[in-house]
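Notes to accompany the following structure.
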Number of protein chains: 2
Amino acid sequence: MEIDEILERFHPLPAGSREALKARISEAEYPKGHTLIRSGRVEKTLYFIRSGIVRAYSDADRGDVTFWFGKEGDVVISMKSYVSGQPGYEHVETLEACDLYQMKALDLESLFASDIHIANWGRKLIGQELIKTEERLISMQFKTAQQRYLDLLSSTPDLLHRVPLCHIASYLGITQVSLSRIRAEIR
Amino acid sequence: MEIDEILERFHPLPAGSREALKARISEAEYPKGHTLIRSGRVEKTLYFIRSGIVRAYSDADRGDVTFWFGKEGDVVISMKSYVSGQPGYEHVETLEACDLYQMKALDLESLFASDIHIANWGRKLIGQELIKTEERLISMQFKTAQQRYLDLLSSTPDLLHRVPLCHIASYLGITQVSLSRIRAEIR
DNA sequence: CAAAAAATTTTACAAATGATAAAAAGCGAA
DNA sequence: TTCGCTTTTTATCATTTGTAAAATTTTTTG
């Protein structure tokens, strides 16, 4: 997915503002298994995914728990770092070789301070992430694991071919064994 | 909590921008049990809580499920309406008599378009909501119901005196009976 | 292709949670 | 206070989910 298309996903931008953003964006490739964001740090870079897939996870007693998948067109930010300037709680690693657009958080910050269109674009971007997170939270409270699995199957079927089931299970808030049971039941 | 203090909670504002916001804000009182936001509509008003407590909930098979509590200093918005302009999925009702500051979403929208400080303030506001939502999502995935209850107890102990346990249970993603068991176990 | 490694599924048992019903406790109004 | 109502707790049993270990399948590597 090309950068113009990605930037327009969140909110329309006047050509001048879009060019100002693009002037700060560079490209980078990373292999599978590369860690883009590490917890406990204030992250200084953010990414847009041109191609590939990544996961965000945090450490827990029972190993790491995946709470987000990002794919083509998505933004990769340590939200905590980005919003509050405090060390984040998440790791983000590539699950495939990835082509990314990258940008310094400080560059974006200074564009926010000087360009009102970019400030509003950033507001919309965060807003859309918020809706997605809220909808996931609600689905965790409302729905059974089986329903959540079926939802995932219909909304992003490709995820199941591209990501190991252990990460899918943890994303659904269940164990690998439970997921296996659900899959057997449906078959 | 006074309006200046609430507005400053999210991001510092120059005096002029703060006054521009305050010029669009009025006060209102609502009794306990009043519905501020109804699902299926595009909400045109947003609120800041001066005093009192509210809950957001959605309809499910097994009755309504509470997914957010707001108290003094918090913002009450239908996020879906506000961010995407589409009908929201949540109801918000007062659980106590509430003193609120209220504002038309369109007024805020036009301030976003004309005042860069307010646009960035709005960005920070949404960002902080996102962090809170993300942390709750993670705690739903990582933690047992008992841990979530203990977390709630230590972070907002007053909630338990002000809100019926049926709403607390649904907020924690468990039944009233399970919550009762957890409470008995701890005692 | 065969061996090794990794991922996934299956099994058996234990623990946690849900559903339901009924009892107990708390609370406001007459 | 007592009555009537709501909220909370307790008890029982059924179901779901977790843990641990083994079996199976798939993928990787030589």
Side-chain angles (χ1 to χ4, degrees), chain A residues 31-34 53 55 57-67 69 93-97 137-153 157-187, chain B residues 31-33 53 55 57 59-67 69 93-97 137-153 157-187:
Chain A
K32 176 176 176 171
H34 178 81
I53 195 160
R55 73 174 182 119
Y57 63 99
S58 275
D59 301 310
D61 312 332
R62 32 169 166 152
D64 56 46
V65 178
T66 299
F67 61 89
F69 292 110
E93 70 168 10
T94 58
L95 297 174
E96 299 174 349
L137 174 62
I138 291 174
S139 93
M140 289 289 290
Q141 280 183 249
F142 278 51
K143 298 182 181 176
T144 64
Q146 176 165 336
Q147 284 174 311
R148 295 201 298 276
Y149 175 72
L150 290 173
D151 287 351
L152 192 68
L153 209 58
D158 57 320
L159 214 65
L160 290 151
H161 304 296
R162 296 167 72 183
V163 172
L165 286 182
C166 59
H167 295 150
I168 303 275
S170 124
Y171 177 83
L172 295 173
I174 56 180
T175 60
Q176 211 164 330
V177 176
S178 281
L179 177 56
S180 209
R181 278 194 276 243
I182 288 170
R183 285 160 60 86
E185 206 172 319
I186 287 166
R187 219 180 313 125
Chain B
K32 176 176 175 172
I53 195 161
R55 73 175 181 118
Y57 62 99
D59 302 308
D61 312 332
R62 32 168 167 152
D64 56 48
V65 178
T66 300
F67 62 89
F69 292 110
E93 70 169 10
T94 58
L95 296 175
E96 298 175 349
L137 174 62
I138 291 173
S139 93
M140 289 289 290
Q141 280 182 249
F142 278 49
K143 298 182 181 176
T144 64
Q146 176 165 337
Q147 284 174 311
R148 294 200 299 274
Y149 175 72
L150 291 172
D151 287 352
L152 192 68
L153 209 57
D158 57 319
L159 215 65
L160 291 152
H161 304 297
R162 295 168 72 182
V163 172
L165 287 181
C166 59
H167 296 148
I168 304 275
S170 124
Y171 177 83
L172 294 173
I174 56 179
T175 60
Q176 210 164 329
V177 177
S178 280
L179 178 55
S180 210
R181 275 196 279 245
I182 289 171
R183 285 161 62 86
E185 207 172 321
I186 287 166
R187 222 178 312 123

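Note that this is a predicted model, so its numbers are computed, not measured. The chains referred to below are lettered A, B, ... by the order of the sequence lines, with proteins before strands, and numbering in each begins at 1.
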Quiz item: With sequence neighbours excluded, what pairs up with A:Tyr149 under the ring-ring contact (aromatic ring centres under 6.0 Å, His included) test?
Solution: none

Quiz item: Between CG of B:Asp59 and CZ of A:Phe142, what distance do you get to the nearest 0.5 Å?
Solution: 7.5 Å

Practice problem: Starting from the first five and the last five pairs of the helix from C:dC1-D:dG30 to C:dA30-D:dT1, work out the angle between the resulting helix axes, to 10 degrees. | Solution: 40°

Exercise. Take atom CE of A:Met140 and atom C1' of D:dT17, then tell me their distance rounded to the nearest Å.
Key: 13 Å

Quiz item: Which residues satisfy the side chain to side chain contact (heavy atoms under 4.5 Å, CB included) test with A:Ser178, sequence neighbours excluded?
Solution: A:Ile174, A:Thr175, A:Arg181

Quiz item: Taking only residues two or more places apart in sequence or in another chain, which ones pass salt bridge (charged side-chain N to carboxylate O under 4.0 Å, His left out) with A:Asp151?
Solution: A:Lys143

Quiz item: How long is the line joining CD of B:Gln146 and P of C:dG18, in whole Å?
Solution: 14 Å

Quiz item: Taking CG from B:Leu172 and P from C:dG18, how many angstroms apart are they, rounded to a whole number?
Solution: 11 Å

Practice problem: Return the value, rounded to whole Å, for the distance between atom CD1 of B:Ile174 and atom P of D:dT16. | Solution: 19 Å

Practice problem: Using a 4.5 Å cut-off on heavy atoms from C-beta on, say whether the side chain of A:Ser58 contacts that of A:Val65. | Solution: no

Quiz item: Within the structure, does a side-chain N or O atom of A:Thr175 lie under 4.0 Å from either OP1 or OP2 of D:dT17?
Solution: no

Would you tabulate the pairs of protein nitrogen or oxygen atoms and nucleotide nitrogen or oxygen atoms of nucleotides 27-30 of chain D closer than 3.5 angstrom?
none

Quiz item: With no hydrogens and no angle check, is any side-chain donor or acceptor of A:Thr94 less than 3.5 Å from a backbone partner on A:His34?
Solution: yes

Exercise. Could you tell me which residues satisfy side chain to side chain contact (heavy atoms under 4.5 Å, CB included) with B:Gln176, sequence neighbours excluded, listed by chain and number?
Key: B:Cys166

Quiz item: Rounded to the nearest Å, what distance is computed from the CD1 atom of residue B:Ile182 to the C1' atom of nucleotide C:dT17?
Solution: 9 Å

Practice problem: Provide, to the nearest angstrom, the distance between the OH atom belonging to A:Tyr149 and the P atom belonging to D:dT17. | Solution: 15 Å

Self-check item: Test ring-ring contact (aromatic ring centres under 6.0 Å, His included) applied to A:Phe67 - qualifying residues, sequence neighbours left out
Solution: none

Exercise. Check whether any side-chain heavy atom of B:His167 sits under 4.5 Å from a side-chain heavy atom of B:Phe69, and report yes or no.
Key: yes

Practice problem: Quick one: closest heavy-atom pair of B:Thr66 and A:Gln141, and the distance? | Solution: O-NE2, 2.9 Å

Quiz item: Can a side chain N or O of A:Ser178 be found less than 4.0 Å away from OP1 or OP2 on D:dG18?
Solution: yes

Exercise. Report the distance from atom CD of B:Glu185 to atom P of C:dA15, rounded to the nearest whole Å.
Key: 13 Å

What nitrogen or oxygen pairs link the protein and nucleotides 6-11 of chain C at under 3.5 Å?
from	atom 1	to	atom 2	distance (Å)
C:dT8	OP1	A:Leu165	N	3.3
C:dT8	OP2	A:Leu165	N	3.0
C:dT9	OP1	A:Arg183	NE	3.2
C:dT9	OP1	A:Arg183	NH2	3.1
C:dT9	OP2	A:Ser180	OG	3.3
C:dT9	O5'	A:Ser180	OG	3.2

Practice problem: Go through the structure and list residues passing salt bridge (charged side-chain N to carboxylate O under 4.0 Å, His left out) with A:Arg55, not counting sequence neighbours. | Solution: A:Asp64, A:Glu93

So which protein nitrogen or oxygen atoms get under 3.5 Å of nucleotides 23-25 of chain C's nitrogens or oxygens?
none

Quiz prompt | Stepwise side-chain contact (heavy atoms from CB on, under 4.5 Å) test for B:Tyr171 and B:Val163 | solution = CA-CA 11 Å; B:Tyr171 177 83; B:Val163 172; over 6 Å; no

Practice problem: Could you pull out all residues at least two apart from A:Leu165 that satisfy side chain to side chain contact (heavy atoms under 4.5 Å, CB included)? | Solution: A:Leu160, A:Ile168, A:Leu179, A:Arg183

Self-check item: Residue pairs fulfilling salt bridge (Lys or Arg N to Asp or Glu O under 4.0 Å) with at least one residue in residues 158-178 of chain A, sequence neighbours excluded
Solution: A:Lys71-A:Asp158, A:Glu72-A:Arg162, A:Glu96-A:Arg162, A:Asp158-A:Arg162

Quiz prompt | Spacing of B:Lys143 atom NZ relative to C:dA16 atom P, expressed in whole Å | solution = 18 Å

